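Please read the structure below before turning to the comments.
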Protein chains: 2
Amino acid sequence: MDVYRALADETRRVILDELTARDGQTLFEICATLMSRHGVTISRQGISQHLDVLEAAGLVATERRGRTKLHFLTPEPLAEISRRWPTTGRPRP
Amino acid sequence: MDVYRALADETRRVILDELTARDGQTLFEICATLMSRHGVTISRQGISQHLDVLEAAGLVATERRGRTKLHFLTPEPLAEISRRWPTTGRPRP
DNA sequence: ACTATATGCAAGTATCCACTTGCATATCAA
DNA sequence: TTGATATGCAAGTGGATACTTGCATATAGT
């Protein structure tokens, strides 16, 4: 629901980075990559809860595939930010 | 310092909205407007602390003018967000 | 100098949030 | 079915954070 709160945590931002690099990863793949490549030390449930927040914010879509769950990046909600506070065309008096 | 954490609070986002509407307001003006126009019930110190967070994040610049302090919106740090996770040109398989 | 205005500092509180632990459920392979 | 893999649920805990209260500082006007 809250895109802004979803971005407030660094681990969640790294997850978005990781899905940007390779989309459609499972929870286990994300866990493994965060640990090894990004130096994040956290339990699987911790990452699962972060993914729940990202999904509730509409930044990640999921799809069950057998006993795995694929995670896809859906960054459209982020467009609201640049729409709300444009970074161009604001003269500084 | 942390742009993402600065955006995590709704009151801070309303402050950014208010400075977008009218730039260069003092703390007292921001307080008055938040209370009346945005229905925010919070103490002056609360708003002041929020402004400190926004300034630390580089989203607001200040300028002392006599016994008042003017607040200006500097939204450039927000550009990092759309740069980090582009919302266009990402095909969904 | 004195008063009022505008802001700053600091400590205390209460809520929220990230994280863990333990157990449960579901799918695949033998 | 049995065992292994992949994920889900729920309660508890520590630390962060939004907010308040009280006092202090600085500028402007008289």
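Quick note: numbers below take in every heavy atom, side chains included, and nothing from hydrogens, waters or symmetry partners. Throughout, a chain's letter reflects where its sequence line sits, starting with A, and its residues are numbered from 1. As the structure is a computational prediction, the values presented were derived from the model and not from experiment.
In this structure, A:Ile81 and B:Ser82 have side chains that are not in contact, with every pair of non-hydrogen atoms separated by 4.5 Å or more. Between A:Glu18 and A:Arg37, the closest side-chain pair of non-hydrogen atoms falls below 4.5 Å.
Neither OP1 nor OP2 of D:dT17 sits under 4.0 Å from any side-chain N or O of B:His50. Taking side-chain N and O atoms only, B:Lys69 has a distance below 4.0 Å to OP1 or OP2 of C:dG8. The phosphate of D:dT20 (OP1 or OP2) has no side-chain N or O of B:Arg44 nearer than 4.0 angstrom. Considering only side-chain N and O atoms, A:Ser43 lies nowhere under 4.0 angstrom from the phosphate OP1 or OP2 of C:dC19.
Of the charged side-chain nitrogens involved, at least one lies within less than 4.0 Å of a carboxylate oxygen, so that A:Arg65 and A:Glu63 count as a salt-bridged pair.
Regarding B:Leu70, its CG atom lies at a distance of 13 Å from the C1' atom of C:dT7, rounded to whole Å. Between B:Glu29 atom CD and C:dT5 atom C1' there is a gap of 14 Å when expressed in whole angstrom units. Straight-line distance from the CG atom of B:Leu34 to the C1' atom of D:dA18: 15 Å, rounded to whole Å. Taking atom CG of A:Asp9 as the reference point, atom P of D:dA16 lies 13 Å away to the nearest angstrom. B:Asp52 has its CG atom 10 Å from the C1' atom of C:dC9, to the nearest Å. Distance A:Gln49 CD to C:dC17 P: 13 Å, rounded to the nearest Å. Atom C1' of nucleotide C:dA18 and atom CD of A:Gln45 are separated by 13 Å, given to the nearest angstrom. When rounded to the nearest whole Å, the span between CD of B:Glu63 and P of C:dA6 equals 18 Å.
The main-chain N or O of A:Leu7 is found under 3.5 Å from a side-chain atom of A:Arg13 such that the two form a donor-acceptor pair. Proximity of a side-chain donor or acceptor of B:Glu80 to a complementary backbone N or O of B:Pro77 within less than 3.5 Å is not detected.
Within 4.0 Å (heavy atoms only), B:Gly66 reaches sugar-phosphate atoms of the nucleic acid but no base atom. A:Thr68 comes within 4.0 angstrom of sugar-phosphate atoms only, judged by non-hydrogen atoms across all strands, and of no base. Within the 4.0 angstrom heavy-atom criterion, only backbone atoms of the sugar-phosphate kind lie near A:Arg5; the bases stay farther away. Contacts of B:Arg65 with the nucleic acid, taken as non-hydrogen atoms under 4.0 Å apart, are absent.
The base of D:dG29 has none of its N or O atoms less than 3.5 Å from a complementary donor or acceptor on the side chain of B:Arg67.
Side chain of B:Ile42, nearest nucleotide from D:dT7, D:dT20, C:dC19: D:dT20.
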